[in-house]
Amino acid sequence: MEDLVIRDADVVDGSGAPSYRADVVLDGGRIVSIVKEAAAAGCQRPRAVRELDAEGLVLSPGFIDMHAHSDLALLRDPDHSAKAAQGVTLEVLGQDGLSYAPVDDRTLEEVRRAITGWNGYGDDLDFDWRSVGEYLDRLDRGIAVNAAYLVPQGTVRALVVGWEDRPATPEELDRMRQSVAEGMAQGAVGLSSGLTYTPGMYAPDTELTELCRVVASYGGYYCPHHRSYGAGALEAYAEMVALTRDAGCPLHLAHATMNFGVNEGRAPELLALLDQALDSGADITLDTYPYTPGCTTLAALLPSWASEGGPAEILARLADPATAERIRHHLEVTGSDGCHGVRVEWETIEISGVRDPALGDLVGRTVREAAELRGDSAWETARRLLIEDRLGTTILQHVGHEDNVRTIMRHRGHTGGSDGILQGDKPHPRAYGTFPRYLGHYVRELGVLSLEECVAHLTARPAARLRLPDRGLVREGYRADLVLFDPATVAPGATFAAPKALPTGIPHVLVDGRFVIEDGKRTDVLAGRSVRRTPV
């Protein structure tokens, strides 16, 4: 007999087609049969070792988080309910150009320090990998949900060139191409960049184009956090479209937002740019999270010249009064490139997490509020916080616009991505709430998307971008990565006040046909594995 039959489910299959009622039978980690209600009339219904009554529940493919920062969390926390409880069955890691492979001993230490605010330092982990393939092998020992990986361009540049703001030599460019090729051959699905983060931001378009050509030759895609989401946002989007078309590489735009006051109401301009490229043959998708605030590290706001050389050099510049004053001027007067060319507004910058517990009283306060608490200027408070916390501070940026969020999520190339940073005492609630918020707030409450449309955005579309031939749809022969949710009650528990609360209305989640969430509770199942690039 088969392993499991899910009876009387309302199947929303990921294709965008209307739902239908069916019994869905699983065996060996795959969907082996789907018996629609009409087809079952008058005939014997399928049987299995176990039956699950899904009356009143929607059965859909598991959700794919196209922009995740769980690179260490998946290894550190076998529970991983932050994502599993949302119905996420696959995350894409290696985002924003900085992650933990490929590295050598020097680069690994530098990267760990540079993105402590994203993932923690990882002093509770054994970093027993250096290559992309070795990192994926480490995931294969057993994780809560599946994971794919993007080769991080900034890490590759740090490995080959270092953290200096200079062009790569021809020999260095060849080594970077080789490093990207090795990562792709070992199973990465594409290349990411963080073009407002060092050292990735120091790469000119010619360098990025060459790396994208390598990625395209392996059937992968390019996922840039581009050079501006603020004052130069449209130009930055256009730059990425032109660059990837020149390279012949598919493009996936990371957390495709239009933020800050300069971009209020300008989402239609972005979509017009993308539609023109799509209509002329470009291959473009994007992801968004369904919230207005952003999230990053406090150090990310610094101007690029102040970040050159890596974490140790940043701290030295912050400690020097004259250099610190130059940094302040760029942030508060000129508009730092690290802050997307916009002058920083300290009242919009909320401290969401610190590495040093002694600084915990500042979490949940804006930098302006923390300055008032400390009796100092906002800049001096930020500077001291960066130094005292060794660049480990994470922040929320309250700079988004709801009309832009809704407009972009309707686009034909849209997919869902949490951009979820799990580090810190008060992280952005998107880490725990993105997918139920789509289903509850934007489908049921607002009707921005239909249920069938939204599920397609979160399942089949990302699976197609990842070139996964047996995921993203409820189909016979497909992987049994599935979620059952109540469309009448599904909602995020996470709020800005309580950002780690788990969602409601998602009683069951299966990875490889095994329950990772059952009756609303996390099991001890670790059925997730690396999902490696399908060969061309």
Side-chain angles (χ1 to χ4, degrees), residues 12 14 16 58 60 63-67 86-88 225-226 228-230 233-234 236-237 241 252-278 284-295 340 342 348 396-420 428-462 465 485 487-496 499 503 505:
V12 177
V58 167
S60 83
F63 306 135
I64 298 176
D65 189 342
M66 286 296 287
H67 193 103
Q86 295 185 59
V88 171
H225 164 128
H226 51 270
S228 175
Y229 290 83
L234 284 175
Y237 281 114
V241 171
H252 181 84
L253 294 165
H255 38 59
T257 58
M258 293 287 287
N259 287 340
F260 302 93
V262 294
N263 289 318
E264 185 171 4
R266 299 189 69 189
E269 297 177 58
L270 166 62
L271 301 188
L273 167 69
L274 300 182
D275 284 337
Q276 182 179 18
L278 285 164
I284 302 172
T285 52
L286 56 92
D287 65 68
T288 69
Y289 48 85
Y291 298 86
T292 52
C295 180
H340 308 279
V342 176
T348 69
L396 304 184
Q397 287 183 279
H398 295 272
V399 293
H401 306 285
E402 179 65 20
D403 58 338
N404 285 347
V405 170
R406 297 187 194 186
T407 299
I408 293 170
M409 74 170 62
R410 294 187 184 101
H411 190 258
R412 54 177 156 161
H414 174 262
T415 67
S418 71
D419 196 11
H428 196 304
R430 68 193 185 191
Y432 287 75
T434 284
F435 295 88
R437 182 168 168 83
Y438 268 120
L439 298 168
H441 186 58
Y442 286 96
V443 171
R444 183 181 64 245
E445 296 174 2
L446 298 180
V448 174
L449 298 170
S450 73
L451 181 59
E452 289 83 359
E453 287 174 323
C454 186
V455 169
H457 288 212
L458 306 181
T459 60
R461 283 191 190 174
R465 165 52 74 217
F485 63 90
T489 63
V490 61
T495 64
F496 286 98

Contacts of type salt bridge (charged side-chain N to carboxylate O under 4.0 Å, His left out), residue [X], not counting sequence neighbours:
X	value
Arg406	Glu402
Arg461	none
Arg437	none

Spacing of [atom1] belonging to [X] relative to [atom2] belonging to [Y], to within rounding of 0.5 Å:
X	Y	atom1	atom2	result
Phe485	Leu451	CZ	CG	5.0 Å
His398	Thr292	NE2	OG1	8.0 Å
Ser228	Phe260	OG	CZ	7.5 Å
His340	Asn263	NE2	CG	10.5 Å
Leu439	Thr434	CG	OG1	11.0 Å
Asn259	Asn404	CG	CG	8.0 Å

Please give me the minimum heavy-atom distance between [X] and [Y], naming the atom from each residue.
X	Y	result
Ala456	Gly16	CB-N, 4.1 Å
Gly433	Ala494	N-CB, 4.4 Å
Ile284	Ala277	CD1-CB, 3.7 Å
Met258	Ala267	CG-CA, 4.3 Å
Pro268	Gly265	CD-O, 3.5 Å

Are [X] and [Y] packed together at the side-chain level, in the sense that at least one heavy-atom pair is separated by less than 4.5 angstrom?
X	Y	result
Gln86	Pro436	yes
Arg410	Leu271	no
Arg412	Leu278	yes
Tyr438	Met409	yes
Leu286	Ile408	yes
Val58	Val455	no
Phe435	Val490	no

Would you say [Y] and [X] are linked by a side-chain donor-acceptor pair, where the criterion is simply a distance under 3.5 Å?
X	Y	value
Arg430	Ser418	no
Thr288	His414	yes
His255	Tyr229	yes
Asp287	His252	yes

Before you tell me yes or no, could you show the steps for Asp275 and His411 under side-chain hydrogen bond (donor to acceptor under 3.5 Å, both in side chains), namely the whole-Å CA-CA distance, both residues' side-chain angles and the distance that decides it to 0.1 Å? CA-CA 9 Å; Asp275 284 337; His411 190 258; 2.7 Å; yes
Pairs meeting criterion salt bridge (Lys or Arg N to Asp or Glu O under 4.0 Å) with involvement of residues 261-272, two or more places apart: Arg266-Glu269
Donor-acceptor contact present, side-chain Gln276 to main-chain Leu273, <3.5 Å: no
What residues form a side-chain hydrogen bond (donor to acceptor under 3.5 Å, both in side chains) with Thr495, not counting sequence neighbours? none
side-chain hydrogen bond (donor to acceptor under 3.5 Å, both in side chains) involving Thr415 - partner list, sequence neighbours excluded: none
For His428 and Phe496, what are the C-alpha separation, side-chain angles and deciding distance, and is it a ring pair (Phe, Tyr, Trp, His ring centres under 6.0 Å)? CA-CA 7 Å; His428 196 304; Phe496 286 98; 5.4 Å; yes
Going through the distances and angles, do Tyr291 and Thr257 end up as a side-chain hydrogen bond (donor to acceptor under 3.5 Å, both in side chains)? CA-CA 10 Å; Tyr291 298 86; Thr257 58; over 6 Å; no
